[in-house]
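One structure below.
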Amino acid sequence: MAESLSADGPANETNDLGINDGRRTEIADYCEYRIEKGVTRCIFLCFKRGRQHYATDLEVDGSLFGIDNLRKHPVCGRWWKRYSLYSTTGVKAVLIRIVNCNFHASYPASTSIRVATTDFTYSDKIAKYDRIMSRMADEEDTDPYSCGLDVNGKSHEDLSSCGNTGYDQFDEQTYCTVDRYRRLAYLRDEYKWMHSLLECYWQHGVDGKGLAFLDKMCFIQSALKFDQHEDAANPYGRTIKGFELIEGWHTTYLLVLIFGTPSG
């Protein structure tokens with residue numbers, strides 16, 4: 001690989017075809033190491049150590065995982081934490097910016113990824129879709145009854161007979177305005193239900209459906225070696241979605257401590 005140097009050190013990298021891959025991220029070296037180990041998709045988990053926030057990557061390999069699995073994960077602390085009365089009880093969705101990464105290939109166990117986090121605000125996303133849908137309703141003259149859904153929830157595929165055809169100047173393609181409005185409404189509802197669905201999946205186990213949901217909502221990450229376009233222009237790099245561990249009193253262990261192990 002050929003690198004182009006900036007005043008701050010290695011910045012851009014070109015592949016074997018001479019195409020610019022973008023600006024290397026703070027965790028580029030760590031990502032290369034993880035890819036070599038066969039980890040291509042992951043979820044970022046954040047946790048507090050003192051006043052600092054750190055992150056680790058939880059491999060997504062198709063197996064079931066949830067809060068019980070996190071209690072046994074090294075990120076939650078030493079082995080005794082899985083039996084502690086005060087330990088991980090849940091997670092919350094956050095936005096993450098990577099501050100720096102301390103990684104040495106000779107001793108990967110010492111890797112530390114320091115991050116800054118902020119709560120993921122569902123209301124902002126919902127309001128954004130509401131504004132777009134409101135603008136579409138005002139600007140476009142549509143007849144929703146001519147582009148309805150059949151019993152299987154499918155609409156027409158042939159735009160030649162669609163009376164609600166619009167033109168996308170960016171994609172340079174025609175589209176059905178009613179179908180696009182409907183898809184925006186679905187996305188808005190996804191954010192309305194996101195908090196409840198995330199809590200359900202994490203508490204009861206993230207299965208195949210849960211993974212598909214996390215993937216659709218961009219919580220599963222891959223290819224974080226380079227920042228490109230707007231992310232490369234941002235001095236802080238890309239902002240990624242992840243989860244922050246929430247610690248609290250483990251009520252089940254407390255009840256067992258107070259009343260003893262249930263018999264039978």
Side-chain angles (χ1 to χ4, degrees), residues 19-23 40-44 60 62 92-97 117-202 206-224 226-234 236-243:
I19 300 175
N20 191 348
D21 285 325
R23 188 181 69 184
T40 58
R41 304 171 77 226
C42 68
I43 294 173
F44 273 83
V60 175
K92 66 176 181 178
V94 294
L95 297 176
I96 304 169
R97 279 184 172 174
T117 67
T118 186
D119 290 348
F120 185 91
T121 52
Y122 307 95
S123 58
D124 289 348
K125 289 289 187 179
I126 295 170
K128 174 185 175 181
Y129 284 112
D130 281 336
R131 288 195 300 270
I132 296 174
M133 292 166 64
S134 177
R135 187 166 61 247
M136 285 183 63
D138 293 336
E139 295 177 355
E140 298 177 353
D141 184 20
T142 60
D143 177 17
Y145 298 103
S146 64
C147 298
L149 300 174
D150 63 18
V151 69
N152 293 314
K154 296 185 178 298
S155 185
H156 60 74
E157 297 180 358
D158 183 12
L159 290 178
S160 61
S161 60
C162 175
N164 298 301
T165 303
Y167 182 74
D168 193 317
Q169 296 179 346
F170 295 99
D171 295 335
E172 297 183 346
Q173 293 180 345
T174 57
Y175 64 93
C176 173
T177 57
V178 174
D179 185 60
R180 177 166 292 190
Y181 187 92
R182 188 182 296 127
R183 291 176 185 273
L184 288 171
Y186 292 156
L187 287 172
R188 179 190 59 186
D189 287 346
E190 290 279 15
Y191 283 105
K192 285 183 177 180
W193 283 93
M194 182 186 286
H195 176 75
S196 298
L197 285 173
L198 288 177
E199 184 175 6
C200 176
Y201 284 129
W202 277 102
V206 181
D207 55 9
K209 279 188 175 182
L211 283 176
F213 178 74
L214 293 181
D215 199 7
K216 181 179 181 181
M217 306 309 290
C218 301
F219 282 99
I220 297 180
Q221 309 296 334
S222 62
L224 295 178
F226 301 99
D227 283 333
Q228 299 175 333
H229 307 298
E230 291 185 4
D231 293 329
N234 191 324
Y236 301 101
R238 77 180 69 186
T239 299
I240 59 179
K241 292 180 182 177
F243 297 97

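With Glu230 contributing its side chain and Arg238 its backbone, the two residues share no donor-acceptor pair below 3.5 Å. Remark: the backbone N or O of Lys154 is not paired with any side-chain donor or acceptor of Asn152 at under 3.5 angstrom. With hydrogens and angles ignored, the 3.5 Å screen pairs no side-chain donor or acceptor of Asp119 with any backbone N or O of Thr121. A distance-only check finds a donor-acceptor pair linking the side chain of Lys241 to the backbone of Met217 [under 3.5 Å]. Under a 3.5 Å cut-off, the side chain of Thr177 and the backbone N or O of Asn164 do form a donor-acceptor pair. Remark: side-chain polar atoms of Gln173 are not paired, donor with acceptor, to backbone N or O of Phe170 under 3.5 angstrom.
Looking at every heavy atom in both residues, Tyr236 comes nearest to Arg97 through CD1-NH1, 3.5 Å. In terms of heavy-atom proximity, Arg23 sits nearest to Asn234 at NH2-O, 2.9 Å. For the residue pair Gln169 and Glu172, the shortest heavy atom distance occurs at O-CG, 3.7 Å. Taking every heavy atom of both residues into account, Cys176 and Cys162 meet most closely at SG-SG, 3.7 Å. Summarising the geometry of Ile43 relative to Phe219, their closest heavy-atom pair is CG1-O, 3.8 Å, with the distance given to 0.1 Å. Thr239 and Leu95 get closest at one heavy-atom pair: CG2-CB, 3.8 Å.
Counting only heavy atoms from C-beta outward, the side chains of Thr174 and Tyr167 approach each other to under 4.5 Å. Under the 4.5 Å side-chain criterion, counting only non-hydrogen atoms from C-beta, Lys92 is not in contact with Phe120. Leu198 is listed as a side-chain neighbour of Phe243, based on a closest heavy-atom distance under 4.5 Å. A 4.5 Å side-chain heavy-atom check between Met133 and Tyr181 finds at least one atom pair inside the cut-off.
The line from CG of Leu211 to OH of Tyr201 is 9.5 Å long, rounded to the nearest 0.5 Å. Interatomic distance, Thr117 OG1 to Phe44 CZ, rounded to the nearest 0.5 Å: 14.0 Å. Atom CZ of Arg182 is separated from atom SG of Cys147 by 7.5 Å, given to the nearest 0.5 angstrom. Expressed to the nearest 0.5 Å, how far CG of Asp215 lies from CD of Gln221 amounts to 9.5 Å. Here Met136 contributes atom CE and Leu184 contributes atom CG; the two are 6.0 Å apart, rounded to the nearest 0.5 Å.
Of the listed residues (His195, Met194, Arg188), just one forms a side-chain contact (heavy atoms from CB on, under 4.5 Å) with Tyr191, and that residue is Met194.
Salt bridge status for Asp179 with Arg183: present, with a side-chain N to carboxylate O gap under 4.0 Å.
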